[in-house]
Trainee: 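Can you read through this structure? Questions will come right after.
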Amino acid sequence: MTAIRELLLSRIRDVADYPEPGVMFKDITPLLADPAAFTALTDALAEIAERCGATKVVGLEARGFILGAPVAVRAGLGFIPVRKAGKLPGATLAQAYDLEYGSAEIEVHAEDLTGGDRVLIVDDVLATGGTAEASAQLIRRAGADVAGLAVLMELGFLNGRGRLEPALNGAPLEALLTV
C-alpha cells in the first residue's frame with residue numbers, strides 16, 4: 001500500500017491561494033489524467049467496497065461521481081449519484097445540512113436504494129464531513145445501510161472524521177491519504 005500512496009501523492013498538485021488566499025488546494029486532475037494512478041486509485045477503492053460488503057456505491061457530487069462510478073464498475077456494483085438539490089428528475093429524498101457559512105441540501109432518487117442495500121459512500125476529499133454526514137443520513141432514510149465511507153484524501157486538520165464517526169454508526173471510514 002505504501003507504493004500506491006506514493007504514486008497517488010506524486011500525482012496530486014498543490015495550488016496555492018485557490019480558491020482564496022491562504023488556501024492550499026489539492027488538485028487531483030493530474031492523478032485522473034495518469035492511467036496508472038487512476039487505475040491504482042480505482043482498484044484500491046474497489047477493494048474497500050468488497051471488504052465492507054457493499055452492494056451499491058454512492059458518489060457525492062461532483063468529484064465523487066468521477067471516482068465512484070469506476071469503483072462500482074470494478075467491484076460489480078450499482079452506482080447511485082447523490083446530487084445537489086434540484087438536479088435529479090423524478091421523486092427524490094432530500095437532506096439539508098449546515099455549511100461553515102449557510103446551509104445546503106443534497107438529494108437521491110428515492111427508488112435507487114432499498115432496505116437490502118449496503119452502501120459505500122465514495123468521495124475525493126474528507127474535509128469537515130458535512131456532506132458525507134448528510135449522505136449517511138440520506139442513505140439511512142432511504143432504508144439502506146451505510147457499509148462505509150472511502151475517500152482518496154482526508155484533510156486531518158479539519159477534524160471531519162470526528163464529526164462523521166457518530167453518523168457512520170460503526171461503519172469504517174477509510175482514507176487512502178491523510179494530509
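All values reported here derive from a predicted model rather than from experimental measurement.
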Trainee: Quick one: ring pair (Phe, Tyr, Trp, His ring centres under 6.0 Å) pairs with a partner in residues 19-42, sequence neighbours left out?
Mentor: Tyr18-Phe25
Trainee: Under the rule for side chain to side chain donor-acceptor pair (under 3.5 Å), what residues qualify as partners of Thr131, not counting sequence neighbours?
Mentor: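 Thr131 satisfies side chain to side chain donor-acceptor pair (under 3.5 Å) with Tyr97 once adjacent residues are dropped.
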Trainee: Please, which pairs that meet side-chain hydrogen bond (donor to acceptor under 3.5 Å, both in side chains) have at least one residue in residues 137-147, sequence neighbours excluded?
Mentor: Gln95-Gln137, Gln95-Arg141
Trainee: Within the distance-only criterion (no hydrogens, no angle test), does the side chain of Asp17 pair as donor or acceptor with the backbone N or O of Gly22 below 3.5 angstrom?
Mentor: yes
Trainee: Can you sort out the partners of Asp117 under salt bridge (Lys or Arg N to Asp or Glu O under 4.0 Å), two or more places apart, ordered by chain and number?
Mentor: Lys56
Trainee: Would you say the side-chain atoms of Thr39 pair up with the backbone N or O of Ala36, donor to acceptor, closer than 3.5 Å?
Mentor: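 Such a contact is absent between Thr39 side chain and Ala36 backbone.
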Trainee: Walk me through it: do Val179 and Leu155 pass the test side chain to side chain contact (heavy atoms under 4.5 Å, CB included)?
Mentor: CA-CA 5 Å; Val179 295; Leu155 305 179; 3.2 Å; yes
Trainee: I need the minimum non-hydrogen distance between Ala91 and Glu111, along with the two atoms involved.
Mentor: O-OE1, 4.0 Å
Trainee: Would you name the heavy atoms of Phe79 and Ala72 that are closest together and state the gap between them?
Mentor: CB-CB, 3.8 Å
Trainee: Where do Leu60 and Ser135 come nearest, in terms of heavy atoms and distance?
Mentor: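 Taking Leu60 first and Ser135 second, the nearest heavy atoms are CD2-OG, 2.9 Å.
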Trainee: If I take atom CG from residue Leu41 and atom CG from residue Leu177, how far apart are they, to the nearest 0.5 angstrom?
Mentor: 8.5 Å
Trainee: Go through the steps to decide whether Leu152 and Leu45 satisfy the test side chain to side chain contact (heavy atoms under 4.5 Å, CB included), and finish with yes or no.
Mentor: CA-CA 8 Å; Leu152 164 59; Leu45 293 173; 5.7 Å; no
Trainee: To the nearest 0.5 Å, tell me how far Glu154 CD sits from Leu176 CG.
Mentor: 11.0 Å
Trainee: Looking at every non-hydrogen atom in both residues, tell me the closest pair between Val119 and Ala144 and how far apart they are.
Mentor: CG2-CB, 4.0 Å
Trainee: Find the distance between CG (Leu8) and CD1 (Ile28) and round it off to the nearest 0.5 Å.
Mentor: 10.5 Å
Trainee: Could you tabulate the donor-acceptor pairs under 3.5 Å formed by side-chain atoms of residues 162-172, not counting sequence neighbours?
Mentor:
{"residue": "Arg163", "atom": "NE", "partner": "Glu133", "partner atom": "OE1", "Å": "2.8"}
{"residue": "Arg163", "atom": "NH2", "partner": "Glu133", "partner atom": "OE1", "Å": "3.1"}

Trainee: Would a 4.5 Å heavy-atom cut-off, applied to side chains only, mark Met153 and Leu126 as touching?
Mentor: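 A side-chain contact is absent here, since even the closest heavy-atom pair is not under 4.5 Å.
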Trainee: Show every ring pair (Phe, Tyr, Trp, His ring centres under 6.0 Å) that has at least one partner inside residues 115-170, sequence neighbours left out.
Mentor: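 Output for this query is empty, none listed.
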Trainee: Taking ILVMFWY side chains as joined if any heavy atoms are under 4.5 angstrom apart, and letting links pass through other members, which residues group with Met24?
Mentor: none
Trainee: So, does His109 use its side chain to make a donor-acceptor pair with the main chain of Pro89 at under 3.5 Å?
Mentor: yes
Trainee: Taking side chain as C-beta onward, heavy atoms only, is Asp123 less than 4.5 Å from Ile121?
Mentor: no
Trainee: Report the residues that fulfil side chain to side chain donor-acceptor pair (under 3.5 Å) with Glu61, sequence neighbours left out, ordered by chain and then residue number.
Mentor: Arg83
Trainee: Can you sort out the partners of Arg11 under salt bridge (Lys or Arg N to Asp or Glu O under 4.0 Å), two or more places apart, ordered by chain and number?
Mentor: Asp34
Trainee: For residues Leu7 and Val125: do they belong to one hydrophobic cluster (side chain heavy atoms under 4.5 Å, members Ile, Leu, Val, Met, Phe, Trp, Tyr)?
Mentor: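 No, Leu7 and Val125 fall in different hydrophobic clusters.
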Trainee: Is Val108 close to Val58 at the side-chain level, that is, under 4.5 Å between some pair of heavy atoms?
Mentor: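 Of all side-chain heavy-atom pairs linking Val108 with Val58, none is under 4.5 Å.
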Trainee: In this structure, would Ile12 and Leu158 fall into the same cluster of hydrophobic residues linked by side-chain contacts under 4.5 Å?
Mentor: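 Yes.
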Trainee: According to a 4.5 Å side-chain heavy-atom criterion applied to Ile, Leu, Val, Met, Phe, Trp and Tyr, with indirect links allowed, do Val57 and Leu88 form part of one hydrophobic cluster?
Mentor: no
Trainee: What do the steps show when you test Glu6 against Leu9 for side chain to side chain contact (heavy atoms under 4.5 Å, CB included), and what is the final call?
Mentor: CA-CA 5 Å; Glu6 288 175 11; Leu9 273 174; 5.8 Å; no
Trainee: Is atom CZ of Arg63 surrounded by more than 12 heavy atoms (other residues, nucleotides or ligands) closer than 6.0 Å?
Mentor: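 It does not: Arg63 CZ has 12 such atoms or fewer within range.
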Trainee: Scan for ring pair (Phe, Tyr, Trp, His ring centres under 6.0 Å) pairs involving residues 44-70, sequence neighbours excluded, and state none if there are none.
Mentor: none
Trainee: Suppose we screen for salt bridge (Lys or Arg N to Asp or Glu O under 4.0 Å). Which residues come up paired with Glu107, at least two apart in sequence or across chains?
Mentor: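 For Glu107 there are no salt bridge (Lys or Arg N to Asp or Glu O under 4.0 Å) partners, ignoring immediate neighbours.
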Trainee: If you round to the nearest 0.5 Å, how far is CD1 of Ile106 from OG1 of Thr92?
Mentor: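 Atom-to-atom, Thr92:OG1 and Ile106:CD1 are 11.0 Å apart.
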Trainee: To the nearest 0.5 angstrom, please state how far the CG atom of Leu113 sits from the CG atom of Leu138.
Mentor: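 Nearest 0.5 Å value for the CG-CG distance: 8.0 Å.
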Trainee: Kindly give the heavy-atom pair with the smallest separation between Leu77 and Ala49, and that separation in Å.
Mentor: CD1-CB, 4.1 Å
Trainee: For the CG atom of Leu173 and the CG atom of Leu149, what is their distance to the nearest 0.5 Å?
Mentor: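 Answer rounded to 0.5 Å: 4.5 Å.
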Trainee: List for me each residue that meets salt bridge (Lys or Arg N to Asp or Glu O under 4.0 Å) alongside Asp112, sequence neighbours excluded, and say none if there are none.
Mentor: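 For Asp112 there are no salt bridge (Lys or Arg N to Asp or Glu O under 4.0 Å) partners, ignoring immediate neighbours.
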